[in-house]
There are 2 protein chains.
Amino acid sequence: MVDYDFFLAELKRILKEKGLKFTRQRELIFKTLYENDGHFSPEELNMVIQRENPDVKIGIATIYRTLSLLEEAGLAESLSLDKQSKRYEMGLKKHHDHLICTECGKIIEFYDETIEKQQEIVAKSFGFRMKGHSMKITGVCRECILAKESKKRLNPQAQEKN
Amino acid sequence: MVDYDFFLAELKRILKEKGLKFTRQRELIFKTLYENDGHFSPEELNMVIQRENPDVKIGIATIYRTLSLLEEAGLAESLSLDKQSKRYEMGLKKHHDHLICTECGKIIEFYDETIEKQQEIVAKSFGFRMKGHSMKITGVCRECILAKESKKRLNPQAQEKN
DNA sequence: CTTGATGCAAAATATTTGCATGCTC
DNA sequence: GAGCATGCAAATATTTTGCATCAAG
């Protein structure tokens, strides 16, 4: 967990720089985001934290405030993967993008060097100093394609309902 | 406006295919999305429609329902450009991605062939049948970089406040 | 005429804010 | 000790839903 210590130091540095305080709550939110790879909504994040730290009580408002802070500092990233609320993930960790299946909702993370590099080039060409980026590709995953096909084979007449 | 007629036909085709109806409201929402290049929140879209069509009354619920429908059909795209609500734009028009300045909020649209192609390649490599994608790059735009620098030059001691 | 669509208002969610109090620094 | 941070609850904002009525096919 050498990485974590590094990120934690980074968080502390940024907080100090802004004259903000390093609190138990901020640490817990940051740590939970780091340790869990998922994509959490503020509400879910709160539940995970409660479950793993029954002794601490964090209000949902603090979760929101901290996530905004972390995002602004570039330490967390907010994604809009689903229709509902925002989801957050650790920002500094190895960056990745998302493939989302519109049929089953599965999320696959990927990293592609060519895309990463090209983004830098594009940003530069507009005079931007790039801070971050996110991209998602939506589509139908292999399993859902297969499932659809076999359904069609079994019952060729069936109209697809919505 | 040859494009619009084409898209409109596409909308009608999809509606018929799903056994849904082509209504004045759906047409207006679709048309407004087409004619205005901006990125609208449902609320804003509603206001624009009201302003340009004072004779028609559209409930906000219809806006939401229609936008979801259009998005599902691949005719509109929802973006999460800012912290607040979702924003929608026409999906079928020439595709583009977004550069967003985190300082001034400016949104620049761009299109990059290399990125587009690479996305297809990535999707394919995971067995995905790609339906759409969206990417945003966040950063600081040229103007804001310059503004910051000149501020620093004028007042080197100033601490950056949040 | 049948069935889906709409507007309205209420309900459900999601997010932000004010404020008294508690904790870092 | 000073001032930011927190929890709580209330306030907002956003999105969805139920239902009577309307309108497209």
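The figures that follow rest on heavy atoms only: side chains count, while hydrogens, waters and symmetry mates do not. Chain letters run A, B, ... following the sequence lines, proteins first, then strands; residues in each count from 1.
Salt bridge status for A:E120 with A:K124: absent, with no side-chain N to carboxylate O gap under 4.0 Å.
For A:R26 and D:dT6, the CZ to P distance is 5 Å, given to the nearest whole Å. Computed from coordinates, the A:K16 NZ to D:dC4 C1' distance equals 15 Å when rounded to whole Å. Here D:dT16 presents its P atom at 11 Å from CD of B:E71, a figure rounded to the nearest Å. Spacing between atom CG of A:L15 and atom C1' of D:dT6 amounts to 15 Å, rounded to whole angstrom units. Across the protein-nucleic acid pair, A:K57 atom NZ and C:dC23 atom P stand 16 Å apart, rounded to whole Å. Rounded to whole Å, the distance from CG on A:N46 to C1' on C:dA14 is 13 Å. Rounded to an integer number of Å, the gap from NZ of A:K12 to P of C:dC25 is 9 Å. Here the P atom of nucleotide D:dT15 and the OH atom of B:Y88 are 7 Å apart, to the nearest Å.
Between A:L15 and A:L69, the closest side-chain pair of non-hydrogen atoms falls below 4.5 Å. For the pair A:Y88/A:P42, a side-chain contact is recorded, criterion being any heavy-atom separation below 4.5 Å from C-beta on. When side chains are defined from C-beta on, A:D97 does not count as touching A:D112, because their heavy atoms never get closer than 4.5 Å.
When the nearest nucleotides of DNA chain C are assigned to B:L20 and A:I60 by heavy-atom distance, the more 5′-ward of the two goes with B:L20.
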Only pairs under 3.5 Å count here: list side-chain donor-acceptor contacts from residues 47-58 of chain B, not counting sequence neighbours, and write none if there are none.
unit_1: B:Q50; atom_1: NE2; unit_2: B:N46; atom_2: OD1; d: 3.4

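Each of C:dG7, D:dC8, D:dT6 was ranked by its minimum atom distance to the side chain of A:T62; first place goes to D:dT6. Among C:dC8, C:dT16, C:dT6, the nucleotide with an atom closest to any side-chain atom of A:Y64 is C:dT16.
None of A:E44, A:R87, A:E109, A:E77 except one satisfies the side-chain hydrogen bond (donor to acceptor under 3.5 Å, both in side chains) rule with A:H39; the exception is A:E109.
OP1 and OP2 of C:dC23 both lie 4.0 Å or more from every side-chain N or O belonging to A:Q25.
More than 12 non-hydrogen atoms from other residues, nucleotides or ligands lie less than 6.0 angstrom from NZ of B:K106.
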Pairs: protein N or O with nucleotides 19-24 of chain D N or O, under 3.5 Å:
unit_1: D:dA24; atom_1: N3; unit_2: B:K21; atom_2: NZ; d: 3.3

